[in-house]
Amino acid sequence: MRAEERDVLLHGGAARLRTPLEGDAEAMLAHLRDVCAETHFLERSPGDPMPTLEDERRFLSLFAQSPDRVMMGVFLDGGLIASASVAPAAMRRKTRHRAEIGLSVRREYWGQGLGALLMEEGIRAARAMGYLRLELAVFADNERAVRLYERFGFTRHGALPNAFRLEDGTFRDCLLMGLELQQDEKEDGRIPHDDA
């Protein structure tokens, strides 16, 4: 599935929300490398193996052509500053009503509403693809992200103690959160939020 392409206003100007395509593979890999180095709040670490350029092209093509997944990117001056994806939680009959959402924003653009924008677009896309439940996993110490998700109606369903081990040897818990999509629809289809 492809995201609806449109301009979005940031504090520093206009950016473009759209689905990254095969030609954006280099920008996607650069974004992944950069955000992994900026924060410990992602599962991937800077030292983890990265996809090859060809693997990333295939991955983006799969998302763009698939009826049950979507990738969204926010592009500014040719570079990717934020991304999100919605994909099936599992492909079995008993679990295909569930999707997972993940997002990342470059640190330089934190606090400009990109997380809220991508969450709103992700929820809208999940509904359009027919999912009944949206799930995510988040570092328990990522308080900004947890507040954002709760503002959109996600609730905590449990935690995995010591799920992440950081480079310095310390551990972080993982919060598991979910949103029942059929229960939180508003008349106009938008979810209320403020700029995050």
Side-chain angles (χ1 to χ4, degrees), residues 20 24-60 62-63 68-74 79-92 94-96 98-119 121-123 126 131 133-180 196:
D24 298 307
E26 286 185 50
M28 288 293 293
L29 290 173
H31 175 75
L32 186 58
R33 277 191 301 272
D34 291 347
V35 295
C36 289
E38 292 176 341
T39 180
H40 73 264
F41 294 139
L42 300 175
E43 285 188 28
R44 182 182 296 272
S45 295
D48 288 340
M50 293 289 289
T52 66
L53 187 58
E54 190 55 38
D55 287 343
E56 188 66 15
R57 285 184 180 128
R58 279 193 296 271
F59 178 76
L60 293 174
L62 169 71
F63 266 78
D68 63 357
R69 58 190 73 215
V70 65
M71 176 75 66
M72 298 165 283
V74 179
L80 183 66
I81 61 172
S83 69
S85 64
V86 176
M91 298 302 294
R92 295 177 181 88
K94 293 179 182 178
T95 57
R96 64 182 175 194
R98 297 169 38 216
E100 294 176 334
I101 187 168
L103 58 95
S104 63
V105 178
R106 288 183 188 251
R107 182 182 289 272
E108 179 182 353
Y109 297 95
W110 287 5
Q112 296 194 35
L114 291 171
L117 168 73
L118 290 170
M119 185 57 64
E121 294 297 322
I123 291 169
Y131 290 109
R133 181 175 169 75
L134 196 53
E135 301 169 347
L136 59 84
V138 60
F139 278 69
D141 62 328
N142 191 348
E143 295 171 4
R144 287 170 55 106
V146 172
R147 282 194 308 270
L148 172 71
Y149 304 146
E150 288 177 337
R151 225 174 42 237
F152 276 87
F154 282 81
T155 56
R156 301 174 192 210
H157 296 294
L160 300 173
N162 299 329
F164 305 109
R165 185 172 185 214
L166 305 185
E167 299 292 326
D168 66 4
T170 61
F171 292 89
R172 298 294 188 277
D173 294 350
C174 175
L175 289 181
L176 305 175
M177 302 181 75
L179 173 67
E180 301 299 328

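These values consider heavy atoms only, across backbone and side chains, with no hydrogens, waters or symmetry-generated copies.
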Note to self: For a 4.5 angstrom cut-off between non-hydrogen side-chain atoms, does M91 reach D68?
What the structure shows: yes

Note to self: Tell me if a side-chain donor or acceptor on D48 pairs with a main-chain N or O of S45 at a distance below 3.5 Å.
What the structure shows: yes

Note to self: Applying side chain to side chain contact (heavy atoms under 4.5 Å, CB included), can you list everything that pairs with F59, at least two apart in sequence or on another chain?
What the structure shows: E56, F63, M71

Item checked: Heavy-atom side-chain contact between L148 and F154 under 4.5 Å -> no

Notebook entry, point to check: Are side-chain heavy atoms of N142 and R172 found at a separation under 4.5 Å?
Noted result: no

Check: Excluding sequence neighbours, so at least two apart, what forms salt bridge (Lys or Arg N to Asp or Glu O under 4.0 Å) with D173?
Finding: none

Check: For R58, what residues pass the side chain to side chain donor-acceptor pair (under 3.5 Å) criterion, not counting sequence neighbours?
Finding: D55

Notebook entry, point to check: Are any non-hydrogen side-chain atoms of R156 and V146 less than 4.5 angstrom apart?
Noted result: yes

Next item on the list: Could you check whether the rings of F139 and H40 sit parallel, tilted or perpendicular, using 30° and 60° as the cut-offs?
Entry: perpendicular

Notebook entry, point to check: Looking at R57 and E54, does any basic side-chain N land under 4.0 Å from a carboxylate oxygen?
Noted result: yes

Check: Going by heavy atoms in the side chains, are E108 and E38 under 4.5 Å from each other?
Finding: no

Next item on the list: May I ask you to decide if A99's main-chain N or O and R69's side chain share a donor-acceptor pair within less than 3.5 Å?
Entry: no

